[in-house]
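Just so we're on the same page: letters track the sequence lines, and every chain starts at 1.
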Amino acid sequence: MARVLTPRAEDFPRWYQDVIAKAELADNGPVRGTMVIRPTAYSIWERMQADMDARIKATGAENAYFPLFIPESYLKREAQHVEGFSPELAVVTHGGGKQLAEPVVVRPTSETVIGEFMAKWIDSYRDLPLLLNQWANVVRWEMRPRVFLRTTEFLWQEGHTAHATEADARAYTLRIHHEVYERHMRDLLAIPVVPGRKTDRERFAGATSTYTLEGMMGDGKALQMGTSHELGQNFAKAFDIQFSGASGQREYAWTTSWGSSTRMLGGLIMAHGDDNGLRLPPALAPTQALVMVVKESDGSVTTAARALADDLAAAGVRVRLDDRVDTPFGRRAVDAELKGIPLRIEVGPRDLAEGSVTLARRIDGSKSPLKLAAVVGEVTSALEADQKALYEEALARREANTHDVSTLDEAMQVAQTGWARLPWDKVGVDGEAKANESAITVRCLVRPDGSAPGAQDEPGLTAILGRSY
RNA sequence: CGGGGUGUGGCGCAGUUUGGUAGCGCGUCCGCUUUGGGAGCGGAAGGCCGUCGGUUCAAAUCCGGCCACCCCGACCA
């Protein structure tokens, strides 16, 4: 059989590119760093959006939309923020054929515009908390783009909230961190993530605390799959977001922001894919089960296959019928594997003669006969089982590639192929800088009980080090 | 921005050293035979060889400028 994909062990980045092309997920756009998200990938993204959106709303936030263009002067109001973003800004200097009086920035993120409007909308403590979210595209001019993982333009949701107290802002940030992001990634993407705190060095530009969810990819590298930030009163002061408290005093609000993006699609590919292609969690798969007519002679196989597909659809399974019998079976099977379709129900004359079909599972390549009457039940339970199995597999791989060490040197060694865990005080700010020279970063800091640290100088913290995307 | 590399049908490449008017694999289209793991045979379409200029009877090939892209570093969801 001809090789379809570069094996992961041979060249992981190449494999990643191959999968994206062969599974028809995306193409590079005409402008460097941009991407075209093809229907299959977009459909997966829509499912992520739907789930994420529901979770966000469950925390009380509402969707809104702010403009793509931001006055350049806004970005400059928060010192750390400009400093962090200016290298990657796209700036519009002309409009309508004339030079603009003030250049306009294409949003790299929306803290600034939203801050401006929060200031306008918030007068009293009764207006708080103000919980907003928006689904949008943002632009960050990237030097080394990679489809889904780091593109100049990407899609995301960005939440922005304002609170009366620091404690309230923190509680909300952590709620998003755990209840929205961690669960979304665990339950929908089937990716185990480590929720933790970013070191000061890795903190978001303008934030006082940044929390992250780190997932391990198939090659042992880490991917930051979502972040939440406590912005303290930094933006409130820069944009004058003040409110009158219950006792009449004027106070600055405490704001937060949090985002998750199309990068998750890259994480999905790299966390679950194998040498035969994509492996999609059933919860996200545009097609969960493919009913294949293996071979046809008199039309009876197609009729039976169509009836099965109808039954599955009626049971709520996202099913597609593949009756392209003019295309060799092997090609169609390989294609379904490349695209990561969780289940295939192969229907052929031999099966039907015995009143059964063949159930093929993408997750482990297994095939087993199945009585016609049992198909709907088995398919439904197989989808549930595979969703869990993908998670378990990813978790097992992460455990196998994560090692507890006691020195920075050992950590640097371990981080070549996976993650190292060691006491943060064995690393420190200097150790972190040293590791960075070898492209190894402190992915996050965690407390012994798994909760997120309030500061990086808290005693007893564990650091997780690794290479990253 | 520093280091390395590459631009040739949709994709992957050969051809460049030694100039002679473009080829292979895959894919696509048509026909027949096939169809239980990327099928076989026959036929066909598709490229001003990144770009601009120079040398030459003649340039994918030699010379010069420019552009783009890829890989490795510094930045990032």
Side-chain angles (χ1 to χ4, degrees), chain A residues 1-6 11 13-14 17-18 21-22 24 27-33 83-89 107-110 136-159 181 198 201-205 207 210-215 222-229 257-267 276-277 292-297 301 322-338 344 346-354 357-358 360 365 367 369 433 436-439 441 467-469:
Chain A
M1 186 167 71
R3 190 169 91 166
V4 185
L5 300 169
T6 304
D11 185 344
R14 184 66 181 268
Q17 307 263 45
D18 284 354
K22 295 282 172 59
E24 300 175 355
D27 255 320
N28 285 311
V31 172
R32 177 182 156 77
E83 195 187 322
F85 280 106
S86 52
E88 41 187 354
L89 292 180
R107 66 177 163 225
T109 177
S110 304
N137 57 338
V138 285
V139 167
R140 298 179 185 177
W141 219 261
E142 291 293 347
M143 305 184 221
R144 284 189 53 205
R146 262 148 100 43
V147 178
F148 294 131
L149 301 174
R150 195 189 302 110
T151 48
T152 286
E153 178 191 8
F154 59 90
L155 306 183
W156 76 344
Q157 62 63 217
E158 50 175 324
Y181 292 157
K198 280 296 187 191
R201 188 188 180 94
E202 303 276 331
R203 206 200 297 132
F204 176 75
T210 287
Y211 303 98
T212 177
L213 294 130
E214 300 287 324
L223 182 72
Q224 176 174 323
M225 301 191 58
T227 53
S228 318
H229 317 287
S257 69
W258 26 282
S260 64
S261 71
T262 39
R263 168 180 275 190
M264 289 189 291
L265 286 164
N276 293 320
M292 299 180 71
V293 176
V294 172
K295 185 177 178 175
E296 184 58 277
S297 49
V301 179
D322 177 6
D323 58 358
R324 300 171 299 159
V325 287
D326 54 345
T327 302
F329 172 78
R331 162 167 296 272
R332 294 183 285 142
V334 167
D335 193 55
E337 281 171 357
L338 271 171
R344 297 197 307 281
E346 304 176 353
V347 189
R350 289 212 305 257
D351 298 297
L352 291 181
E354 294 171 26
V357 297
T358 301
K367 283 196 184 194
N436 285 185
E437 288 169 13
S438 310
T441 48
R467 293 169 306 148
S468 70
Y469 281 99

Worksheet item: Leu213(A) near the nucleic acid: base, sugar-phosphate alone, or nothing, with a heavy-atom cut-off under 4.0 Å?
Response: nothing
Discussion item. Between G43(B) and G25(B), how many Å separate the two P atoms, rounded to a whole number?
Written reply: 13 Å
Worksheet item: Applying a 3.5 Å limit to both distances, which nucleotide forms a Watson-Crick or G-U wobble pair with C69(B)?
Response: G5(B)
Discussion item. Give me the distance, rounded to whole Å, that separates G9(B) from A14(B) when you measure between the C1' atoms they each carry.
Written reply: 14 Å
Item to complete: Let me know the distance between CD of Glu337(A) and C1' of G36(B), rounded to the nearest Å.
Response: 14 Å
Fill in: Paired nucleotide for G46(B) [Watson-Crick or G-U wobble; both distances under 3.5 Å]
none
Practice prompt. Return the nucleotide paired to G64(B): Watson-Crick means purine N1 to pyrimidine N3 with N6-O4 or O6-N4, wobble means G-U with N1-O2 and O6-N3, both under 3.5 Å.
Written response: C52(B)
Worksheet entry | Between G53(B) and A58(B) - P atom distance, rounded Å | 16 Å
Discussion item. Using a distance-only criterion (donor-acceptor N/O pair, under 3.5 Å, no hydrogens), is the base of G37(B) paired with the side chain of Lys367(A)?
Written reply: yes
Worksheet item: How would you list, by chain and number, every residue that makes a side chain to side chain donor-acceptor pair (under 3.5 Å) with Arg201(A), sequence neighbours excluded?
Response: Asn436(A)
Practice prompt. Tell which nucleotide pairs with U21(B), taking only Watson-Crick or G-U wobble pairs whose two distances are both under 3.5 angstrom.
Written response: none
Practice prompt. Test Glu346(A) against every option in Thr358(A), Val293(A), Val357(A) by the side-chain contact (heavy atoms from CB on, under 4.5 Å) rule and name the one that passes.
Written response: Thr358(A)
Discussion item. One pair to check against salt bridge (Lys or Arg N to Asp or Glu O under 4.0 Å): Lys198(A) and Glu214(A). What are the steps and the verdict?
Written reply: CA-CA 10 Å; Lys198(A) 280 296 187 191; Glu214(A) 300 287 324; 2.9 Å; yes
Worksheet item: Just by protein heavy atoms under 4.0 Å, how would nucleotides 71-77 of chain B read 5' to 3' in B, S and -?
Response: -SBBBBB
Discussion item. Using atom C1' in both nucleotides, what's the gap between A60(B) and G20(B) to the nearest angstrom?
Written reply: 13 Å
Worksheet item: What integer distance in Å separates Leu352(A):CG from G36(B):C1'?
Response: 12 Å
Fill in: Separation between the C1' atoms of C69(B) and C11(B), rounded to whole Å
16 Å
Worksheet entry | Steps toward side chain to side chain contact (heavy atoms under 4.5 Å, CB included) verdict (Thr227(A), Phe204(A)) | CA-CA 9 Å; Thr227(A) 53; Phe204(A) 176 75; over 6 Å; no
Item to complete: Pick base, sugar-phosphate or nothing for Asp335(A), based on heavy-atom distances below 4.0 Å to the nucleic acid.
Response: nothing
Worksheet item: Closest heavy-atom contact between Thr109(A) and Glu158(A)?
Response: OG1-OE1, 3.5 Å
Worksheet item: Base, sugar-phosphate alone, or nothing: which one does Glu296(A) contact when heavy atoms must sit under 4.0 Å apart?
Response: nothing
Practice prompt. Would you indicate what Thr358(A) reaches in the nucleic acid, counting non-hydrogen atoms under 4.0 angstrom: base, sugar-phosphate, or nothing?
Written response: base
Worksheet item: Over how many whole Å does the gap from Asp323(A) atom CG to U35(B) atom P extend?
Response: 18 Å
Discussion item. Taking pairing as Watson-Crick or G-U wobble with both contacts under 3.5 Å, can you name the mate of G27(B), or confirm there isn't one?
Written reply: none
Worksheet item: G50(B) and G12(B): how far apart are their P atoms, nearest whole angstrom?
Response: 14 Å
Item to complete: Taking atom C1' in both G19(B) and C66(B), compute the distance separating them and give it to the nearest angstrom.
Response: 24 Å
Discussion item. Using whole Å, what does the distance between atom P of nucleotide G37(B) and atom CD of Glu346(A) come to?
Written reply: 9 Å
Practice prompt. Would you mind reading off the distance between Met292(A) atom CE and G36(B) atom P, rounded to a whole angstrom?
Written response: 10 Å
Fill in: Where Glu296(A) and Val325(A) come nearest, the two heavy atoms and their spacing
CB-CG1, 3.9 Å
Discussion item. If we count only N and O atoms by modelled type, under 3.5 Å, do the side chains of Gln157(A) and Ser260(A) hold a donor and an acceptor together?
Written reply: yes
Fill in: Gap in Å between the two C1' atoms, one belonging to C29(B) and one to G10(B), rounded
13 Å
Worksheet item: Quick one: does Arg344(A) reach the base of G37(B) with a side-chain donor-acceptor pair under 3.5 Å?
Response: yes
Worksheet item: Under 4.0 Å between a side-chain N/O of Arg350(A) and OP1 or OP2 of U35(B), yes or no?
Response: no
Response to the item:
The answer to which of Ala360(A) and Arg14(A) contacts RNA chain B further toward the 5' end, by nearest nucleotide, is Arg14(A)
Worksheet item: Roughly, in whole Å, what's the span from CD in Glu24(A) to P in G10(B)?
Response: 18 Å
Worksheet item: Out of His229(A), Glu202(A), Gln224(A), which one pairs with Thr210(A) under the side-chain contact (heavy atoms from CB on, under 4.5 Å) rule?
Response: His229(A)
Practice prompt. Please state how far atom CG in Asp326(A) lies from atom P in C29(B), giving the value in whole angstrom units.
Written response: 10 Å
Worksheet item: Under a 3.5 Å cut-off for both distances, is A39(B) Watson-Crick or wobble paired, and to whom?
Response: U33(B)
Worksheet entry | Separation between CZ of Arg140(A) and CZ of Arg150(A), rounded to the nearest 0.5 Å | 12.0 Å
Practice prompt. Calculate the interatomic distance between Arg331(A) atom CZ and G36(B) atom P; express it in whole Å.
Written response: 13 Å
